[in-house]
Every structure is written in C-alpha cells, then in structure tokens.
Protein chains: 2
Amino acid sequence: MTRTGHEFRSRCSIARSLEILGDRWTLLVVRDLMWHGKHTFQELQNSEERMPTNQLSQRLKRLMDWGLVSRKAYQDRPVRYRYELTDKGRALEPLLRQIMHWGYDNLGGGFYDPVHKKSLPAKQP
Amino acid sequence: MTRTGHEFRSRCSIARSLEILGDRWTLLVVRDLMWHGKHTFQELQNSEERMPTNQLSQRLKRLMDWGLVSRKAYQDRPVRYRYELTDKGRALEPLLRQIMHWGYDNLGGGFYDPVHKKSLPAKQP
DNA sequence: GAAGTGACTTTCTATATGAAAGTTACTCCA
DNA sequence: TGGAGTAACTTTCATATAGAAAGTCACTTC
C-alpha cells in the first residue's frame with residue numbers, strides 16, 4: 001500500500017521502509033506507543049530522549065499519513081487527541097525487538113525495553 | 001561496547017541503535033555488503049539508490065568507527081580498499097530481514113532481497 | 001481575573017543532505 | 001611521452017532538516 005502521490009526512490013523494500021522509518025526519532029515514537037503506554041502528545045514528548053515538539057508533531061503527521069498511527073479526540077473544547085498504532089504500526093513490533101536486541105548486544109547494554117524496564121548488566125564480549 | 005568519547009543520548013538500546021543506524025542510507029550500505037556482493041567504493045555507489053559519494057564516504061567512516069565494517073587494501077599504488085562487515089555488522093542480518101519484511105508487507109511489495117533478486121507480486125491487503 | 005494545562009506552531013540557528021565537480025595516484029595504450 | 005581511463009575519495013555549495021526556545025490557542029480551575 002503506497003501513499004497516494006508518493007514515488008519511492010527504489011524498488012527495494014528496505015530502501016522503501018527507510019524512507020518512512022529511517023531517522024533518529026520515528027521508531028522512538030512507535031516504541032512509546034507500543035510499549036510505554038504513552039498516547040498523548042504530552043506523554044510522548046516527556047520521554048527520556050526529549051524529542052522537540054515540532055519534530056514530534058511532524059512525525060505523528062507522517063505516521064498518520066502512512067497509516068501506521070491513528071488518533072481520536074478524547075475530549076472536545078478544546079479538542080485533545082489520543083494516538084494509537086494501527087495494525088500496520090503494530091506490525092513493527094518484531095523489527096523494534098530486533099533493533100533493541102542488536103543495540104543491547106553491541107552497544108554496551110542499556111535498557112532492554114518491553115521485557116524489563118530496568119537495566120540489565122552489559123554483555124561482556 | 002561504546003565508542004570511546006561517545007555519549008549516548010539515552011539508556012534505551014533502541015535509541016542508541018538509532019544514533020548509528022537511524023538514517024536513510026546506513027542500512028543500505030549494510031545491505032549491499034551483506035547480500036549483494038558489493039565491496040568496493042565504486043560498487044557500493046552504483047546501487048539502485050545512487051547514494052552521493054560524500055555520504056557514502058561518511059557512512060563508511062562511521063561504520064568503521066563503530067566497528068561494524070572493516071576494510072583492507074586489495075592493492076597498493078594506488079591503494080584501493082575492499083570493505084567488509086565485521087561480526088558486529090553481520091549481526092544486523094535479522095534486523096535487515098525484519099525491515100525488508102515489514103516494507104514488503106506494508107509498502108506495496110517491491111524487491112524482497114536476499115531470497116530472490118526479482119520482484120514478487122505485491123501482497124493484496 | 002490570574003494561573004495552569006495540553007497540544008501544538010512559529011522562529012531561528014546549526015547541522016545534514018544531495019548534486020556536481022575536482023583531486024590524487026596511478027595504469028594502459030598509441 | 002602524453003592523453004585517456006579508473007578507483008577512491010574530497011570539496012563546494014544550495015537546499016532541507018534538526019533541534020532549542022518561545023509563542024499561541026482554547027479552554028478549566030483557583
């Protein structure tokens with residue numbers, strides 16, 4: 001399913017995925033929606049990495065454009081939104097786990113997210 | 001294993017991984033080294049996506065800094081290099097497969113790399 | 001009526017991206 | 001002997017994106 005009006009730079013499905021996911025923030029938003037129970041704009045921007053609000057706004061827009069995230073108003077006057085992953089977004093879970101796994105094994109440990117929220121000892125090479 | 005002098009922005013292993021891999025090009029270089037038998041500078045920049053040479057140069061440097069790629073001269077006068085994945089780099093294979101898989105399922109098909117080099121029919125949603 | 005809250009948007013500077021051309025150190029061929 | 005070719009970069013430069021900070025809007029609560 002391609003977004004209307006978008007031309008991919010390549011026929012490779014990895015290159016295509018990277019056009020949407022290939023930056024330092026997008027997958028952190030997905031992580032927070034998937035595992036950390038963060039669903040409002042405020043909650044998302046209060047993550048450890050402190051994403052700038054303009055980027056968060058942009059990324060949420062892009063994720064919605066591509067159908068990975070949807071939102072619905074949880075109140076009117078003023079309208080406020082709750083963001084959630086769609087099926088397409090939830091399908092990123094194995095990918096997220098692989099990234100986490102590689103980082104944990106190869107970049108000196110760190111948090112290992114969905115399993116425990118605490119730090120595990122770094123693997124000794 | 002952290003690179004000397006580098007401060008990660010977060011303790012999350014996903015955020016850490018994205019500091020190294022989170023852009024539109026890096027994983028394509030890894031893909032080409034891993035599956036497409038491309039090992040020289042020239043071969044790498046002749047990929048379908050036509051990565052600019054300055055970016056390729058930069059990315060190879062970063063990948064070497066982090067120990068995901070190594071190179072050795074395959075000739076002197078003038079010296080020319082052959083790039084290869086290290087174990088740490090090869091450990092990205094499952095991640096690459098997951099990205100490919102997600103893209104294939106969710107972005108209208110495209111090439112499905114290591115298995116066949118030809119296009120498969122797009123999955124109908 | 002003043003302060004607070006949530007969800008953004010705007011502004012601004014710095015860094016990164018990408019296209020193109022240039023450089024270096026050769027080899028090969030006429 | 002000199003001109004063309006080749007591989008691996010580096011440099012230049014215009015444009016785009018990133019990131020910090022402050023501002024806006026539509027309320028609610030004290």
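Convention: sequence-line order gives letters A, B, ...; per-chain numbering from 1. All figures in this text were calculated on a predicted structure; none of them were measured in a lab. The figures here come from the full heavy-atom set of this structure, side chains too, leaving out hydrogens, waters and symmetry mates.
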### Task
Have a look at R59(A) and say if it touches a base, only the backbone sugar-phosphate, or nothing, with a 4.0 Å heavy-atom cut-off.
sugar-phosphate

### Query
Does W25(B) have R50(B) sitting over its ring (NZ/CZ under 6.0 Å from centre, angle to axis within 45°)?
no

### Protein proximity profile, nucleotides 20-30 of chain D - base contact B, sugar-phosphate-only contact S, no contact -, cut-off 4.0 Å on heavy atoms
BBB---BSS--

### Message
Counting only side-chain nitrogens and oxygens, does Q58(B) get under 4.0 Å of the OP1 or OP2 atom of dT10(D)?
### Response
no

### Message
Over all strands shown, is R71(B) touching base, sugar-phosphate only, or nothing at heavy-atom distances under 4.0 angstrom?
### Response
sugar-phosphate

### Task
Give one of base, sugar-phosphate or nothing for R9(A), where a contact means two heavy atoms less than 4.0 Å apart.
nothing

### Message
Run the side-chain hydrogen bond (donor to acceptor under 3.5 Å, both in side chains) test against R80(A) and tell me which residues pass, sequence neighbours left out.
### Response
none

### Task
Pick base, sugar-phosphate or nothing for Q55(B), based on heavy-atom distances below 4.0 Å to the nucleic acid.
base

### Query
Can you tell if the side chain of H39(A) reaches within under 4.5 Å of the side chain of E84(A), non-hydrogen atoms only?
yes

### Message
Output the rounded distance in Å from CZ (R24(A)) to C1' (dA18(D)).
### Response
9 Å

### Task
Tell me, please, which residues at least two apart from D76(B) pass side-chain hydrogen bond (donor to acceptor under 3.5 Å, both in side chains).
none

### Query
Who passes side-chain hydrogen bond (donor to acceptor under 3.5 Å, both in side chains) against D32(B), sequence neighbours left out?
S47(B)

### Whole-Å distance separating the CG atom of L28(A) from the P atom of dA18(D)
13 Å

### Message
I'd like to know if the side chain of T26(B) pairs up with that of D23(B) as donor and acceptor (distance under 3.5 Å, no hydrogens or angles considered).
### Response
yes

### Atom-pair distance (CG on L56(B); P on dA7(D)), nearest Å
15 Å

#### Entry: Side-chain heavy-atom pair V30(A), L96(A) within 4.5 angstrom cut-off
yes

### Task
For salt bridge (Lys or Arg N to Asp or Glu O under 4.0 Å), just list the numbers for D87(A) and R90(A), CA-CA rounded to whole Å, side-chain angles, deciding distance to a tenth of an Å, and then say yes or no.
CA-CA 5 Å; D87(A) 287 348; R90(A) 269 188 298 274; 2.7 Å; yes

## Note on the structure
Separation of dA8(D) atom C1' from Q45(B) atom CD, nearest Å, is 9 Å

### Summary
Rounding to the nearest 10°, end axes of the helix from dG1(C)-dC30(D) to dA30(C)-dT1(D) built from five pairs each make an angle of 10°

### Summary
Outer limits of DNA chain C sitting under 4.0 Å from a non-hydrogen atom of chain A, read 5' to 3', are dT5(C) to dT11(C)

### Message
If the cut-off is 4.0 Å, is K61(B) near the phosphate of dT10(D), judged by side-chain N/O to OP1 or OP2?
### Response
yes

#### Entry: 4.5 Å side-chain heavy-atom contact, W35(B) and M100(B)
yes

### Task
Report the distance from atom CZ of R82(B) to atom P of dA8(D), rounded to the nearest whole Å.
11 Å

### Message
Testing the basics here: between C12(A) and R31(B), what is the closest heavy-atom pair and its distance to 0.1 Å?
### Response
SG-NH1, 3.0 Å

### Message
Do N106(B) and W66(A) make a side-chain contact, defined as non-hydrogen atoms from C-beta onward lying under 4.5 Å apart?
### Response
no

